[in-house]
Amino acid sequence: MEIISEEQSAISSTAAITNENHPNRRRQQRRERILQIYRDWKGVKPIPLIISLAIGLIVRFAIPKPSKVKTQGWQLLAIFLSTIVGLVVSPLPVGAWAFICLTVTIATKTLSFTEALSAVTYEVIWLIVVSFFFARGFIKTGLGERIAAYFVKWLGRSTVGMSYGLVISEAMIAPAMPSSTARAGGILCPIIKSLAVNANSLPRDKSAKKIGAYLIQSQLQLTAVKLQPWLVDIYFQLPLSLSVLCFQVKMVESSRTQTHVLSLSLSSTGRWTLEPSQLPLSLTRTTLTFLSLSAPLAMESFAVHSLSSTPISFNSSSRTTSLLHRRSRLPLPKLPSPNAVKTSASLSSTTLYSHQKIFLFHSHPLSRPLSTLKPLNSSPSSSNHSQLPPSSPPPATKLLPLIISVSIGLIVRFAIPRPVDVTPQAWQLLAIFLSTIVGLVLSPLPVGAWAFLGLTTSIATNTLPFTTAFSAFTSEVIWLIVISFFFARGFVKTGLGDRIATYFVKWLGKSTLGLSYGLTLGEALIAPAMPSTTARAGGVFLPIIKSLSLLAGSKPDDKSARKLGSYLIQSQFQSAGNSSALFLTAAAQNLLCLKLAEELGVKIASPWISWFKAASLPAIVALLVSPIVLYKIYPPETKDTPDAPAMATEKLRNMGPVTKNEWVMVGTMLLAVSLWVCGERIGVSSVVAAMLGLSVLLLLGVLDWDDCLSEKSAWDTLAWFAVLVGMAAQLTNLGIVSWMSGSVAKGLEALHLSWPAAFALLQAAYFFVHYLFASQTGHVAALYSAFLAMHLAAGVPGVLAALALAYNTNLFGALTHYSSGQAAVYYGAGYVNLPDVFKLGFIMALINATIWAVVGGFWWKILGLY
């Protein structure tokens, strides 16, 4: 009975614990929830963040400031130390943490924006950047791999000879391939892995010690750079029984004492540094040369006695030439980074064959040959090179556009007489600028590549000094445009933009016309916080339109496209320009327009509010008119869409409740827009507001640094846009714009035109010349300053001229299928044909021009713009 009672007591106690209301159970559930939140957290690491911030705060507020140090300098030191500590303990990826610290530096007014970004104009910085492109060229062409394979062929009879071959090959290509990481991950590591696997030396296995570990260590210790942990990870994932002595040579040269630091490190026990007070450079180089010659032998001896009992030799009669003649050309992988590399070192790039036999250093060979070596990531039948897909040649420069673009510049520079009022430097820059603009229209190369060539020409011909040519890379507007791409990515990644648009479809989507208005209003609502028309089109609205069209049986590239898809595409396409014109922050080119206007002396007070007030009435009228006009002149076959609200409801149900990241995105955008509206009153510029918003998204894990790095359009825009803006600014500084505007003003005076007539003529010319451009921002960078100067010379009020040109910049984005980024997105959907794009683009351009001229002219008179 006692035993039964004890069992019953134990059962009852267990049942009590499993009861959800039991205190222990509740505590356990809380712990599990906390652990789950911690596991799901994608943002900043709390402890490293606290450590990094604490260091900066202690220096700034706890340690007394020396009397000879300015407060600004002491504050900058605190931020700098916090940055360095963060780079060590890594609360975020290196780039993200550096960006946040840069934001703090500017937001606290420790440095101005231009001062904080001044290093962008340093020659050394760009030399490092260009070196990565050189390294990619070596990998893409296969030249580096070919050189290394030749040395393996010549010296690869033994393991130590193979090591020397790899070392010498790296020494040869190092001067022209200035990236140790690229040489390791793109060339040498794939070859080493191929050779090692062929010798049955497998990564993350005891057999790694046969040959792979030795070759990796021998190559690693001679790079004269810091240890690359991702390289070691390939063959040293298993614990080593002994500490491997790494002859890592690290030179640190002081600018004053010419002191060099020779570092020896133990890969598993730490690092020791020897700092001789005066170490002559010649002695250091002699030491490095000695280590370069002796390290392979030392590493082989160590491998023979400590790591492996089977030293290996390669028979030179084997077909190592397969590395040279049978190298497959697969698509170029991304260059590996020191932080995260899964080296694509498959044998698909360096195929060896089964009849290659391995011998010991001793005279007797292995008892059996190695098994057939198959390329990693390939099927057994893929070892035959003939089965590999043929490589496609890289796209070459288009010859005819190149000739035309260069000829324009040469004709202006040497055939057309230079005006007396223009300096030779200004005339030469004008020739380069015109050649660059013609190249942007004809596209002999992609936009970024052609702009880089124009920039290189302006520097190489001494037309502009390096710092001046790169001055636009420190422009606030340029970086505000770049950050706008990241905001747009946040809307797409979190699904917030999709959710907002779907709600409008649910509320207004019972008819085709109502559906069109729902999508139009949805874009107008998210436009000020998602400053990229292209991102709104491709990331939010086109997917919704395609889903609705397919639901109604309207298919792309088919007669059924006219049922619903064609109309919705055209309605959204033509309305997008008015949504972008409604808010200053709705499109990247808007910000640039005001920046260029300010350089010509047209300063607009409270720009966000002034822009919105002037655009509000004509833009809203145009947004209301466009769908109904298109409904009449380009009617859809399907008039009613009763299934659309149900589909939207089902989609919202599948999306679930609003997620944490969506709420963070909403809060961040409200913060950013609020600062854009009233930031000037509290001393926060637009770019600082954007930087603060992006910092919040990075800290809370809504965006990660890889999201920013993978946003190619942002970095491409930074490159070519900054080049054009910089050239345009220098044309203004050198007097070209004033000379051109004065010439045009004289012509207008000869025609006896009043300023309203000149205003209408110049606005029309600025609008319809966009038929020659494939980019709104490119059009602005090329012509906005010149046309604004012509307006001013003709007597047009400055603010009126600046805003009208800026509004037109958005409206001409729907002229053709190539006139803007969103044009390419919508046309590529396959619902509209080319004649309709041009016909409707021209008709809607006339309608928009009428609305903005009549309604806008009346409204601007009330606002006092003229």
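What you are looking at is a predicted structure, and each value in this text was computed from that prediction instead of being measured.
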Any [X] side-chain heavy atom under 4.5 Å of [Y] side chain:
X    : Y    : result
I416 : I411 : yes
V687 : F113 : yes
W676 : L480 : yes
N462 : Q425 : no
V837 : Y818 : no
Q776 : S580 : no
V602 : L792 : yes
D707 : F486 : no

Quick one about T461 and T463 (side-chain donor to acceptor, distance below 3.5 Å, no hydrogens or angles considered), yes or no?
yes

No-hydrogen, no-angle side-chain donor-acceptor test under 3.5 Å, T114 and S112:
no

Quick check on [X]: does its [atom1] atom have over 12 non-hydrogen neighbours (other residues, nucleotides or ligands) under 6.0 Å away?
X    : atom1 : result
F838 : CZ    : yes
F466 : CZ    : yes
F452 : CZ    : no

Rounded distance [0.5 Å steps], [atom1] in [X] versus [atom2] in [Y]:
X    : Y    : atom1 : atom2 : result
L453 : T457 : CG    : OG1   : 6.5 Å
T809 : H779 : OG1   : NE2   : 6.5 Å
S579 : Q822 : OG    : CD    : 10.5 Å
F99  : L694 : CZ    : CG    : 4.0 Å
Y771 : F842 : OH    : CZ    : 6.0 Å
F767 : L846 : CZ    : CG    : 8.0 Å

Between [X] (side chain only) and [Y] (backbone N and O only), is there a donor and an acceptor less than 3.5 Å apart?
X    : Y    : value
K140 : A135 : no
S475 : S471 : no
Y866 : V799 : no
T121 : T467 : no

For residues 431-444, which side-chain donor-acceptor pairs fall under 3.5 Å, sequence neighbours excluded?
residue: S435; atom: OG; partner: S405; partner atom: O; Å: 2.8
residue: T436; atom: OG1; partner: I432; partner atom: O; Å: 2.7

What's the verdict on side chain to side chain contact (heavy atoms under 4.5 Å, CB included) for L803 and I604, showing C-alpha distance, side-chain angles and the deciding distance?
CA-CA 9 Å; L803 290 177; I604 300 177; 3.8 Å; yes

Let me see the working for E476 and S686 under side chain to side chain contact (heavy atoms under 4.5 Å, CB included), right down to the final yes or no.
CA-CA 8 Å; E476 294 187 13; S686 297; over 6 Å; no

What pairs meet the side chain to side chain donor-acceptor pair (under 3.5 Å) rule with one or both residues in residues 586-606, with sequence neighbours excluded?
Q589-N810, N590-N810

Determine which pairs satisfy side chain to side chain donor-acceptor pair (under 3.5 Å) with at least one residue from residues 847-857, sequence neighbours left out, and list them in order.
N578-N848, N578-W852

Which residues share a side chain to side chain contact (heavy atoms under 4.5 Å, CB included) with [X], sequence neighbours left out:
X    : answer
L718 : F473, I478, W479, V482, W715
I862 : F858, W859
L772 : V769
S407 : I403

Give the intermediate values and the outcome of side chain to side chain contact (heavy atoms under 4.5 Å, CB included) for residues L455 and F470.
CA-CA 9 Å; L455 179 71; F470 278 82; 3.4 Å; yes

Which pair of heavy atoms, one from [X] and one from [Y], lies closest together, and at what distance?
X    : Y    : answer
M691 : I106 : CE-CD1, 3.8 Å
A789 : L600 : N-CD1, 4.1 Å
A689 : A672 : CB-O, 4.3 Å
G813 : A823 : O-CB, 4.0 Å
L102 : A116 : CD1-CB, 3.5 Å
R418 : W427 : CD-CB, 3.7 Å

H817-Y826 aromatic ring centre distance below 6.0 Å
no

Qualifying salt bridge (Lys or Arg N to Asp or Glu O under 4.0 Å) pairs, either residue in residues 425-440, two or more places apart
none

Sequence neighbours excluded - ring pair (Phe, Tyr, Trp, His ring centres under 6.0 Å) pairs with any residue from residues 400-419:
none

Among pairs that include at least one residue of residues 780-803, which meet ring pair (Phe, Tyr, Trp, His ring centres under 6.0 Å), considering only residues two or more places apart or in two chains?
F759-H791, Y766-F787

Set of salt bridge (Lys or Arg N to Asp or Glu O under 4.0 Å) partners for E711, sequence neighbours left out:
R489

Could you walk me through whether V684 and C678 satisfy the side chain to side chain contact (heavy atoms under 4.5 Å, CB included) test, starting with their C-alpha distance in whole Å, then the side-chain angles of each, then the deciding distance to 0.1 Å, before giving a yes or no?
CA-CA 8 Å; V684 178; C678 57; over 6 Å; no

Show every donor-acceptor pair shorter than 3.5 Å between a side-chain atom in residues 735-742 and any protein atom, with sequence neighbours excluded, or say none if there are none.
residue: S738; atom: OG; partner: G735; partner atom: O; Å: 2.9
residue: S741; atom: OG; partner: V737; partner atom: O; Å: 3.1
residue: S741; atom: OG; partner: S738; partner atom: O; Å: 2.9

